[in-house]
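Structure first, commentary second.
Just so you know, ligand 1 is whichever comes first in the structure, and atom 1 is the first atom listed for that ligand. Keep in mind that this is a model prediction, so the values were computed, not measured.
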Amino acid sequence: MTEAAARDLDAQDPLPTSRAQFHVPPATGGDYAETAYFAGNSLGLQPIATRAALDAELDDWARLGVEGHGEAERPWVSYHQQLRDPTARLVGARPGEVVMMNSLTVNLHLMMVSFYRPTPERHAILIEDTAFPSDSYAVRSQAAFHGYDPDEAVIRLSPRPGESTLRSEDVTGWLAEHGDRVALVLLGGVNYYSGEFLDIPAITRAGHAAGAVVGWDLAHAAGNVPLRLHDWGVDWAAWCTYKYLNSGPGAIAGAFVHERHLADRSLPKLAGWWSTDPDVRFRMHPTVTPVDTADSWQLSNPPILAMAPVRASLEMFDAVGMDALRAKSIRLTGYLGTLLDETGAGRPMEVLTPREPDRRGAQLSVRLHGLDADAVSAALRTRHGVIADARRPDVIRLAPVPMYSTFHDCWRAATAMADVVSGSCAGS
Ligand SMILES: Cc1ncc(COP(=O)(O)O)c(C=O)c1O
C-alpha cells in the first residue's frame, strides 16, 4: 500500500473525517506537522467545541454567581439532565436508565453496593484475568468489605492456553458449568489490553441463566462500538468519558441501571442529597424521597465544569451517529490491520486483537516479540510523530478513532512500526 492510496481512501470515504473539529497535537518528529494520534483509547483528543462549552459556564458563573444554579443559560441545578437523552442514545438505553456522575471506579463501587449481594453459598465475582487493575482492586475490596476472602471470592477467567483473548463462548460455557456460585459477573465490554469486544448479550443471558447479576465496564466500549444495553438486558454498566468520548482527562463517568431495577426499593444504595426527588430536594427533608431513575444513584451536586465537555462531545456523537462511526471504524481498523499484517511479515510483531470485526472495536494491540514496548512507543513518537500507547512489557496499542483518525494516519502508523521494529529498538 502506498501513501497515495491511503490518501485516496480518505478522499473517497463515505464519512469524511471530522478531524478539523479537534485539536490534533503537533508532531515533534517525522515528516508531518501533526501527530498521527492513536491513543484515543487512553485519552481522546480535545474537540474545538470544548473550550466554548467551558467558557459558557465560566461566563455564567462570573456574571451570575450563585444565581447561575437557576439562571445560567443552562441552569446548573438541572444541568445533568441535559446529558440524559444523548447518553441514552449512545449506549442504547431508555433515558431514565442513565446518569452521568463521578468517575468510573466510583461508579463501579456504587453499582456494586446495590448489585453485589453475596451470600455464603453465592458470593463469587467473575472477572477477566486481564481485567483493568482498578476493576480488580474494586471487586477484591467489595468481597473483603462483605467479609469474604478476595482470593477465594474473585474468579479470574483466562483465555485458552496459547490464545491471547477470551472467547465469549468460553465465558458462557464456564457460567453454564460453574455459575451457581457466582453473585456478580463484571467484564469489560471491550478489553483494555487486547481490544477484544465480548458478546455482551450472550454473556448477559448466560449470567442470568446461572442466577448471577451481570454488570459491564464499558470504558473502552462507550463511543467505540454500538451498544444496546436496554435490549440486551444488562443489569448495570459504568464507563468513563475521557477515551472515545473525548471529554478530557479524568472526565466525568456514566452509569446505566436497567429499568427493571429502577423501582426496586429493596436495593441497598448509598445516598446523598442528589439522590432525592428534585421536586423536594430544597425542602431539606432528613430522609430521601426516592425517584425511579438512575438519578437516584447520584450523591452530590454535579460538577458543571466537568460536565460541559461531556455535553459538547455528546453533541458531536449525535451529529454523526454511532452507526456511521462504527462503519467507518470497521473500515479504518481493518485497513490498519491489513497494513500491520503486511509490514509485520518477517518482523517480530503480531496483532493479538481478534480478526473478526464484530469481535473488536477500534483498537489493535500489537505484541512485539522480544522488544520493549516503551522504547518502541518513544521511537514512534520522536522519529515519526505517531502517538501510540505502550503496555509493558511488550504490547503497543493503536486505536484509529473514526472521528479524527484517517487512512493516512494508519499508513503512517504501519510504516513507522515497520521502521522502528526493524531498527535500533530491536532487543532493547
Ligand atoms: C477498563 C477500565 N476500567 C477502569 C478504569 C479506571 O478509570 P477511573 O480512573 O476513571 O476510575 C480504566 C481507566 O483507564 C479502564 O480503562
Do we see a donor-acceptor contact under 3.5 Å between the side chains of Y79 and R311?
yes
H23: which residues meet the ring pair (Phe, Tyr, Trp, His ring centres under 6.0 Å) condition with it, sequence neighbours left out?
none
Can you sort out the partners of T35 under side-chain contact (heavy atoms from CB on, under 4.5 Å), two or more places apart, ordered by chain and number?
V24, P25, A27, Y37, I387
Residues forming a salt bridge (charged side-chain N to carboxylate O under 4.0 Å, His left out) with D55, sequence neighbours excluded:
none
Close residues (non-hydrogen atom under 4.0 angstrom from ligand 1) work out to L104, T105, F132, S134, D135, D217, A219, H220, Y242, K243
State whether a side-chain donor-acceptor pair under 3.5 Å links N191 with T165.
no
Specify whether W76 and H69 have parallel, tilted or perpendicular ring planes, treating 30° as the upper limit for parallel and 60° as the lower limit for perpendicular.
perpendicular
